[in-house]
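Worksheet: the structure to be examined is printed underneath.
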Protein chains: 2
Amino acid sequence: MQKQPTIRDVAQAAGVSVAVVSRVLNPGSGPVAAATRGRVNDVMKNLGYHPRTAARELKYGPPTTLGLLLADVSNPFFARLADQVVQEAHSRGIQVLLMTTQEDDQLESERLATLIERRVSGIIATPTGNNLAIWKQLQDLGTEVVFVDRSIPSLPEVDVVSIDNFESARSATAMLAAHGHRRIGIISGPASSTTGRDRIAGYRQALETAGLEQDELLIRHAAFRGPAGGDAASALLSIEEPPTALVVANTAQVTEVLRRLSHAGIDIPGTLSVIVFEDSPWTELVTPALTIVRQPIDLLARHSVQLALSNTQGKTSGKPSVIRVAAELVERSSVARLQLAK
Amino acid sequence: MQKQPTIRDVAQAAGVSVAVVSRVLNPGSGPVAAATRGRVNDVMKNLGYHPRTAARELKYGPPTTLGLLLADVSNPFFARLADQVVQEAHSRGIQVLLMTTQEDDQLESERLATLIERRVSGIIATPTGNNLAIWKQLQDLGTEVVFVDRSIPSLPEVDVVSIDNFESARSATAMLAAHGHRRIGIISGPASSTTGRDRIAGYRQALETAGLEQDELLIRHAAFRGPAGGDAASALLSIEEPPTALVVANTAQVTEVLRRLSHAGIDIPGTLSVIVFEDSPWTELVTPALTIVRQPIDLLARHSVQLALSNTQGKTSGKPSVIRVAAELVERSSVARLQLAK
DNA sequence: ACATAAAAGTGTACCGGTTCCACTTATGTT
DNA sequence: AACATAAGTGGAACCGGTACACTTTTATGT
């Protein structure tokens, strides 16, 4: 373990001043003779010198780090989002600090505290919905905050990137109705989440347009974590007049719900048609192949990173950006066409 | 966007010197009167002061950041590894910088360069297999390097955490043999990877013990990315005497292989028995439920983080640690018991 | 040959914390 | 009452880069 060489070591070894070395390090910051530049570069290589980011950041906290705050990364949706965000950030020379909250307010606030101390230039997050004061503070501090997939209504001045939840749920439900289903159930995220609420709203709209009765028993909210999804599925199946079709609109709970249905021996789509909000390769592998609402994760990532970095460019425009990307309905085999008993 | 208060602002507002504020910030670094401490804390809260990590790190680069360098995070195996690593690190107050290489040497070297500049205290990585010089340099610099899931034989002095690939492949193959299969195929990682080679070796060992003929046609290597897995599956099925059982030992390619089998209309386990190295919830949802080799990802994560942080404790012991954790065989329904035509 | 401008290079303050050392005041001992 | 000791606090150097203001060297024009 060697002692790390500093810029002064390099300067001395190359017989120049530290200012010159700094210029070599930051092309364009001042003139350096070609010969000198070569000599300095050689010395740096020989000494194994690497400028220290911490020292650099001290002068002007440069936008070289981005915080990515997700519920958890074992969820394939978030995993793929993380992957895309990291790639997108790297392509711009930005590093990503990954943190997870487990949907826990307390953990979220701790993570945010460390992000503040690190003076990250931007944060891309799926907020739990609390910690309002901290989010506000972050914005006051000049940190660019972008909520992805969800938002917090009481924080209207934060940028948001998500799919069009209302429209996605509406079209999924409308498709089921068009296939002759009259009792359509939905399992969505918690009522406290905008995602959950918007999807329910889209669902209602579709029912209304189709002239179908709305039954509150068919609407279930499930927490993002834990066994809630499975319980909701069981509950839906045990009501007096069970649904013939189900929209699983809580991405985090998709596998949980399907496992419960499978264990209950429900025939899909014979007994129950299913459409899920999820886009992983495996949805095509199960039998029957699942009809899905595909989230364009790459677009979510691209827009999020762009917004999170936008303050650098000087987006002084005040107005928060709200970007909604369209989700795509991919029909496969888990939805049955019913005979209309009219 | 306020101007960020510094420690000097706090000191002035509280009517004390910066040294005192620093002591309040770092309990145990020196005596502070209770009254003063309270006053300083109040001022910090009022001013919204947060100490800046970059400045702190400048003095002694403290082990507060860890680099996690993976191929990609969209792969569920890596995603869950990332999730566990992040949780494990957070529980120790460490942050994780996530980077991906896409299995690309060039990208890997760039990522490593930035990790060097950041002076991270440790790196947990799935190495591509190249960039030997950089890995060496990192170790010389005192960075704790831990390879997870794979290793590089020509870098024997690096810590490694992985499952016991040899034993896992051996027991999986042995199980198939015990079920009466005589033509057993295997799709493993590239021959250049230790993972791939070890699994093949375990497979061979099992065949030998079972007294089965080894046919090179039944052994396929597939790159971690791209369509290689699917092609390998197709190739296996089109040989003269195709296998009746298949070990899919390339975690990254599992879905690719299964998709190809499914599209080819192969009956599992009727025509082909399948056992896969994978442990995601969905393996239970497909029909038939897959028999799997489960990787204890939480253990991999825990050990990796521990090793990556061990240099702090002063593990001057020289010898690199090699930790192999056992994988678990979970029998479900994708393996058929054959009549022995003896 | 000389004025003059451009290029190359240097010295040093600064970023925001941490920490060593010196100093003052309170407490305890005999 | 005299003095040793400890608690509380302040001053300033330092970490490793960056950049401004300034000096020295080299190139250009007539």
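By convention in this document, chain letters (A, B, ...) are assigned in the order of the sequence lines, proteins followed by strands, and residues within each chain are numbered from 1.
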field: Sugar-phosphate, base or nothing in reach of B:V20, heavy atoms under 4.0 Å
entry: sugar-phosphate
A:D159 side chain to A:V146 backbone, donor-acceptor under 3.5 Å: no
Is there any protein nitrogen or oxygen under 3.5 Å from a nitrogen or oxygen in nucleotides 14-17 of chain C, and what are the pairs?
unit_1, atom_1, unit_2, atom_2, d
C:dC14, O2, A:K59, NZ, 3.0
C:dG16, N7, B:R8, NH2, 3.2
C:dG17, OP1, B:Y49, OH, 3.3
C:dG17, OP2, B:I7, N, 2.7
C:dG17, OP2, B:Y49, OH, 3.2
C:dG17, O5', B:Y49, OH, 2.9
C:dG17, O5', B:R52, N, 3.4
C:dG17, N7, B:R8, NH2, 2.7
C:dG17, O6, B:R8, NH2, 3.1

message: Using a 4.0 Å heavy-atom cut-off, does A:V18 contact any base of the nucleic acid, only the sugar-phosphate backbone, or nothing at all?
response: base
query: In residues 32-45 of chain A, what residues come within less than 4.0 Å of DNA chain D, judged by heavy atoms?
result: none
query: Would you say the side-chain atoms of A:T53 pair up with the backbone N or O of B:E117, donor to acceptor, closer than 3.5 Å?
result: yes
query: Backbone N or O of B:R37 within a donor-acceptor pair of the B:N41 side chain at under 3.5 Å?
result: yes
- request: Side-chain contact test, heavy atoms from C-beta onward, threshold under 4.5 Å: evaluate it for B:L112 versus B:I123 and give yes or no.
  value: yes
query: In whole angstroms, how far is the P atom of D:dG11 from the CD atom of B:Q12?
result: 12 Å
Side-chain donor/acceptor of A:S22 to backbone N/O of A:V18, under 3.5 Å: no
message: If we ignore hydrogens and angles and just use 3.5 Å, is the side chain of B:D298 paired with the main-chain N or O of B:Q84 as donor and acceptor?
response: no
query: Looking at residues at least two apart in the chain, or sitting in another chain, which of them share a salt bridge (charged side-chain N to carboxylate O under 4.0 Å, His left out) with A:E103?
result: A:R150
query: So among A:Q102, A:E110, A:R111, which one has a side chain to side chain donor-acceptor pair (under 3.5 Å) with B:H90?
result: A:R111
- prompt: Under 3.5 Å, is there an N or O donor on one side and an acceptor on the other linking the side chain of A:R23 and the base of D:dT18?
  reply: no
